[in-house]
Amino acid sequence: MTTPIAALVEATYPLQPYRSLDNETLTARIQAVRTAMGRRLLILGHHYQQDEVIALADLRGDSYRLSELAASDRECRAIVFCGVHFMAETADILANRPECLAERGGQRIPVILPDLAAGCSMADMAEIEQVEECWAQLGEVIDTADLMPVTYVNSAASLKAFCGRHGGIVCTSANARAVLDWALARRRRVLFFPDQHLGRNTALAMGIGLDAMPVWDPHGDELGGNTPEAIRQSRVILWKGHCSVHQMFRPEHVDHFRSLYPDIKILVHPECMREVVAKADAIGSTGKIIRLVEEAPAGTRWAIGTELHLVNRLKHEHPEQEIHFLSPIVCMCATMFRIDLAHLCWAVENLAAGTPVNVIRVDDQTASDALKSLRRMLEVK
Ligand code: 13P
Ligand code: SF4
């Protein structure tokens with residue numbers, strides 16, 4: 001029998017009862033909901049998720065692939081997103097775009113993020129007010145009609161909406177090169193936010209020099225800490241944001257592995273700093289990293305610079321290859337890690353009971369503007 005105190009605790013901390021369950025029980029209960037809901041429930045999982053969570057995802061992918069999946073599924077009636085907040089926002093916008101709503105007679109697909117605290121520290125480094133202010137200041141020095149705003153998908157929906165309103169586009173780490181080609185074919189310059197590293201690494205690979213890439217510090221002085229001359233000479237203006245996980249990979253880590261194993265292949269995510277990317281053999285989104293490992297012959301030796309859970313999973317799934325984690329320090333994404341079996345079970349059971357929790361809902365105006373830049377993202381491969 002539930003005591004009054006237990007009932008009060010449960011009402012105040014609804015997750016509490018789930019915390020005392022072991023993984024086996026939680027997995028079985030999540031499986032039961034999946035079986036009962038069938039194709040009406042779509043659980044999406046980003047590659048950085050924990051093994052026990054990813055094992056329960058219907059589909060897994062990198063940011064680009066997960067956006068495509070949210071946009072293309074015609075059978076599901078609810079999405080549970082095991083990833084971070086900006087990914088769930090993107091899924092909400094794409095799954096509930098006007099033509100899909102019309103097909104479903106106006107019925108919305110709720111997109112659920114099992115833990116609302118699963119954010120992205122990089123996405124938080126650019127706020128819409130700061131971007132608006134940057135745009136206004138740039139307009140005093142250059143013609144913003146000739147400036148293309150490009151936001152990395154790791155950003156709030158309001159920034160994607162900003163890009164939508166200004167003819168701009170969203171990119172992911174999987175299509176950043178194609179997006180920058182697209183942008184610079186249409187306008188003279190790009191304003192790229194929030195990840196300076198992805199912007200810089202991509203533009204360098206296109207032959208754009210560092211002197212044409214000023215860094216805009218939203219906390220800096222006038223013009224983001226740049227001279228008017230530097231802004232006028234720019235091709236790609238980089239926002240001063242970064243990923244706290246990927247910044248932990250350092251060039252000396254690459255040197256260390258190369259000195260130990262001259263034949264080693266260094267494979268890193270483009271959110272790593274340029275000095276690391278310059279020393280790597282291959283660079284790619286999480287999806288590309290997995291593909292390269294899957295396609296490599298047995299016996300290949302790798303040091304991989306991306307989030308720990310993915311690298312550990314690759315080690316486990318590819319015992320025929322020798323896989324090392326590039327950093328001596330534990331680089332894990334603490335916010336991705338917030339999604340655990342307790343949160344997932346709580347989220348799916350509430351969904352099945354008709355009382356969905358943690359529904360991510362982008363307001364209509366923001367969604368409509370953001371959709372323009374997301375559609376462009378999905379068209380540019
Ligand atoms: P992907 O685009 O490779 O999925 O990366 C997303 C991300 O957040 C990397 O830190
Ligand atoms: Fe954000 Fe970095 Fe985590 Fe990716 S790994 S979700 S960029 S904090």
Side-chain angles (χ1 to χ4, degrees), residues 44-50 53-54 57 59-70 81-91 113-126 150-156 159-160 170-180 192-199 201-202 239-249 267-273 276-277 280 282-293 304-314 325-327 329-339 374 377-378 380-381:
L44 295 177
H46 187 267
H47 293 308
Y48 291 164
Q49 291 291 298
Q50 306 174 48
V53 170
I54 208 83
L59 300 165
R60 53 173 107 164
D62 62 13
S63 306
Y64 188 88
R65 183 74 189 126
L66 292 172
S67 303
E68 279 186 329
L69 292 168
F81 211 116
C82 299
V84 289
H85 192 268
F86 73 81
M87 296 179 180
E89 278 190 334
T90 302
L113 183 64
D115 185 348
L116 290 181
C120 165
S121 54
M122 175 204 286
D124 294 342
M125 289 177 193
V150 177
T151 187
Y152 188 22
V153 71
N154 296 37
S155 57
L159 273 69
K160 297 179 176 88
V170 180
C171 77
T172 77
S173 59
N175 72 350
R177 171 68 194 258
V179 166
L180 278 197
F192 190 96
F193 40 86
D195 185 19
Q196 59 174 305
H197 299 296
L198 178 65
N201 290 328
T202 311
W239 193 266
K240 196 174 180 193
H242 64 269
C243 166
S244 42
V245 178
H246 288 88
Q247 73 163 359
M248 314 261 260
F249 299 104
L267 175 52
V268 301
H269 196 279
E271 287 175 16
C272 293
M273 63 184 74
V276 170
V277 165
I283 301 113
S285 69
T286 52
K288 181 170 170 189
I289 288 173
I290 293 169
R291 218 167 37 250
L292 289 176
V293 171
I304 303 182
T306 195
E307 207 269 348
L308 184 66
H309 287 88
L310 172 55
V311 180
N312 280 345
R313 189 172 313 121
L314 282 169
F325 189 59
L326 182 59
S327 170
I329 306 160
V330 174
C331 310
M332 58 164 261
C333 179
T335 48
M336 285 274 183
F337 190 67
R338 294 196 71 96
I339 310 293
L374 282 166
M377 171 188 94
L378 291 172
V380 178
K381 299 225 160 125

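Every number for a ligand or one of its atoms is a count from 1 in the order of the listing.
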For ligand 1, what N or O to protein N or O distances fall under 3.5 Å?
from     : atom 1 : to   : atom 2 : distance (Å)
ligand 1 : 2 (O)  : S63  : OG     : 3.3
ligand 1 : 2 (O)  : S173 : OG     : 2.6
ligand 1 : 3 (O)  : S173 : OG     : 3.1
ligand 1 : 3 (O)  : H269 : NE2    : 3.0
ligand 1 : 3 (O)  : T286 : N      : 2.8
ligand 1 : 3 (O)  : T286 : OG1    : 3.0
ligand 1 : 4 (O)  : H46  : NE2    : 2.7
ligand 1 : 4 (O)  : S63  : N      : 2.8
ligand 1 : 4 (O)  : S63  : OG     : 3.0
ligand 1 : 4 (O)  : T286 : OG1    : 3.2
ligand 1 : 5 (O)  : H269 : NE2    : 3.3
ligand 1 : 8 (O)  : N154 : ND2    : 3.1
ligand 1 : 10 (O) : E271 : OE1    : 2.9
ligand 1 : 10 (O) : E271 : OE2    : 3.1

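Within the 4.5 Å cutoff, the side chain of H47 has no heavy atoms near those of the R65 side chain. Counting heavy atoms from C-beta outward, I290 and L310 have side chains that approach closer than 4.5 Å. V245 places a side-chain heavy atom less than 4.5 Å from the side chain of C331. Within the 4.5 Å cutoff, the side chain of N154 has heavy atoms near those of the E271 side chain.
H197 and H242 have perpendicular rings, their planes meeting at more than 60° on a 0 to 90° scale where under 30° would count as parallel.
At distances below 3.5 Å, not a single donor-acceptor pair connects side-chain atoms of D62 with backbone N or O atoms of S285. Although no hydrogens or angles enter the test, the distance criterion places a donor-acceptor pair under 3.5 Å between the side chain of K288 and the main chain of I283.
Around atom 1 (Fe) of ligand 2, protein N, O or S atoms at less than 2.8 Å comprise C120 SG.
For F249 and H269, the distance between ring centers is not under 6.0 angstrom.
Close approach of ligand 2 to Y48 (heavy-atom distance below 4.0 Å) involves ligand atoms 5 (S).
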request  = Test C171 against L198 for side-chain contact (heavy atoms from CB on, under 4.5 Å), laying out the working first.
outcome  = CA-CA 10 Å; C171 77; L198 178 65; 4.1 Å; yes
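E271 counts as a contact of ligand 2, since one of its heavy atoms falls under 4.0 Å from the ligand.
A side-chain donor from one of S244 and S121 sits under 3.5 Å from a side-chain acceptor of the other.
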